Protein chains: 2
Amino acid sequence: MAPEFRCDCPITSALDIVGDRWMLVIVKQMLIEDKRTFKDFVESDEAVATNILAAKLKCLENHGLIAKTRHPTNKKTNLYFLTEKGLSLAPLIVELALWSDTNLRDVHPTMRNQKEQFASMRKDRKAFVSKLQRHHREAMEASQRS
Amino acid sequence: MAPEFRCDCPITSALDIVGDRWMLVIVKQMLIEDKRTFKDFVESDEAVATNILAAKLKCLENHGLIAKTRHPTNKKTNLYFLTEKGLSLAPLIVELALWSDTNLRDVHPTMRNQKEQFASMRKDRKAFVSKLQRHHREAMEASQRS
DNA sequence: CAGGATCCGTTTCGATACTG
DNA sequence: CAGTATCGAAACGGATCCTG
């Protein structure tokens with residue numbers, strides 16, 4: 001399943017991978033909202049259909065952005081985590097978040113509990129990105145230990 | 001045509017606007033490749049179909065990301081430019097470019113004539129973003145004068 | 001000839017029901 | 001819990017046509 005790209009522009013090729021609503025939504029949920037299981041995604045606010053979710057998870061896995069692991073105790077639960085390649089999308093997600101916070105404020109008044117997060121994000125993007133990545137890596141390691 | 005968003009998450013709502021392959025491709029072409037006219041987009045490497053292009057341009061216009069102006073001398077040519085809201089997507093585009101440069105290098109060896117651009121981008125993202133925006137604003141003003 | 005609009009076959013999406 | 005199967009709806013895309 002070698003990726004087929006439509007044209008020679010690197011940016012456009014990147015969009016062949018992440019230029020899709022659900023791809024970035026899933027990455028965002030994993031990175032920011034600590035979603036891990038199929039059920040987490042299905043029950044989320046975004047309410048993706050199960051067949052779409054399965055397809056997108058497979059695609060993300062094929063592209064090496066996420067990896068599926070087994071829940072250490074509960075055998076029938078899978079845990080999805082971002083790979084390093086997936087984690088490298090964090091700056092993109094942060095820019096997306098900041099753009100929405102700036103440009104959709106009239107439509108979506110930022111929720112109280114998120115204000116602090118956005119402020120911190122805007123203040124030092126690089127630090128925020130690192131924090132998100134570190135948090136995710138630690139959660140992943142913790143899940144394998146327990 | 002008030003935008004309808006699927007859920008309350010700002011990021012997801014942003015994806016209702018820009019979470020589409022063509023939207024970002026068009027913004028990228030305008031910002032980085034100085035594409036201006038319908039013909040420019042159609043003849044580009046990405047080769048979008050005319051009906052799709054017309055729909056996406058209209059959508060971008062409805063969302064206030066681009067604006068259509070008349071070519072000052074050639075009456076039958078329209079010029080599209082990014083608005084300030086559209087220009088504010090520049091950081092996102094830059095992150096996308098950097099991600100693709102880092103993660104798709106094996107598939108898409110960066111073209112020689114782009115190497116310098118990527119290096120400059122990576123060295124100081126903020127400066128690069130400003131340069132792109134400034135360049136676009138100047139081109140827009142120049143086009144109205146001539 | 002630029003800038004679309006229309007038609008139409010094909011692909012993808014998405015909601016729900018169902019299965020291991 | 002973690003997915004498949006199914007099927008109607010929507011989007012895509014190519015070719016062509018229209019309009020100034």
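Convention: sequence-line order gives letters A, B, ...; per-chain numbering from 1. It should be emphasised that the depicted structure is a prediction, and the values quoted were computed from it without experimental measurement.
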TODO: Could you tell me which residues satisfy ring pair (Phe, Tyr, Trp, His ring centres under 6.0 Å) with A:Phe81, sequence neighbours excluded, listed by chain and number?
DONE: A:His136
- [ ] For B:Phe41, answer base if it contacts any base atom (sugar-phosphate contacts may also be present), sugar-phosphate if it contacts only those atoms, and nothing otherwise; contact means non-hydrogen atoms under 4.0 Å.
- [x] nothing
TODO: Check every strand shown and say whether A:Asp40 touches a base, only sugar-phosphate, or nothing at a heavy-atom separation below 4.0 Å.
DONE: nothing
Open item on the list: Taking the basic N atoms (NZ, or NE/NH1/NH2) and the acidic carboxylate oxygens, is any pair closer than 4.0 Å for B:Arg36 and B:Asp34?
Closed with: yes
Task: Salt bridge A:Lys123-A:Glu116, side-chain N to carboxylate O under 4.0 Å - done: no
Would you kindly give the [atom1]-to-[atom2] distance between [X] and [N], to the nearest whole Å?
{"X": "B:Ile26", "N": "D:dC12", "atom1": "CD1", "atom2": "C1'", "result": "14 Å"}
{"X": "B:Leu15", "N": "C:dC13", "atom1": "CG", "atom2": "C1'", "result": "16 Å"}
{"X": "B:Lys56", "N": "D:dA10", "atom1": "NZ", "atom2": "P", "result": "15 Å"}
{"X": "A:Asp20", "N": "C:dC13", "atom1": "CG", "atom2": "C1'", "result": "10 Å"}
{"X": "A:Leu53", "N": "D:dA5", "atom1": "CG", "atom2": "P", "result": "16 Å"}
{"X": "B:Phe38", "N": "C:dC1", "atom1": "CZ", "atom2": "P", "result": "16 Å"}
{"X": "B:Leu57", "N": "C:dA5", "atom1": "CG", "atom2": "P", "result": "10 Å"}
{"X": "B:Arg21", "N": "C:dT11", "atom1": "CZ", "atom2": "C1'", "result": "15 Å"}

- [ ] Establish, from distance only, whether the side-chain atoms of A:Gln29 and A:Ser44 form a donor-acceptor pair under 3.5 Å.
- [x] yes
TODO: Check whether the side chains of B:Lys28 and A:Thr12 place a donor and an acceptor atom closer than 3.5 Å, and report yes or no.
DONE: yes
- [ ] Output the single nucleotide from D:dA2, D:dG20, C:dG3 whose closest atom is nearest the side chain of B:Lys76.
- [x] D:dG20
Presence of [X] side-chain N/O under 4.0 Å of [N] phosphate oxygens OP1/OP2:
{"X": "B:Lys68", "N": "C:dA2", "result": "no"}
{"X": "B:Trp22", "N": "D:dG13", "result": "yes"}
{"X": "B:Tyr80", "N": "C:dG4", "result": "yes"}
{"X": "B:Lys58", "N": "C:dG4", "result": "no"}

Open item on the list: Applying the side-chain contact (heavy atoms from CB on, under 4.5 Å) criterion to B:Lys56, which one of B:Ile66, B:Ile26, B:Val25, B:Asn51 satisfies it?
Closed with: B:Ile26
Open item on the list: What I'd like to find out is whether the side chain of A:Met121 reaches to under 4.5 Å of the side chain of A:Leu98, using heavy atoms alone.
Closed with: yes
Open item on the list: Strictly under 4.0 angstrom, non-hydrogen atoms only: write out the protein contact profile of nucleotides 15-20 of chain C, one letter per nucleotide from the 5' end, B, S or -.
Closed with: BBB---
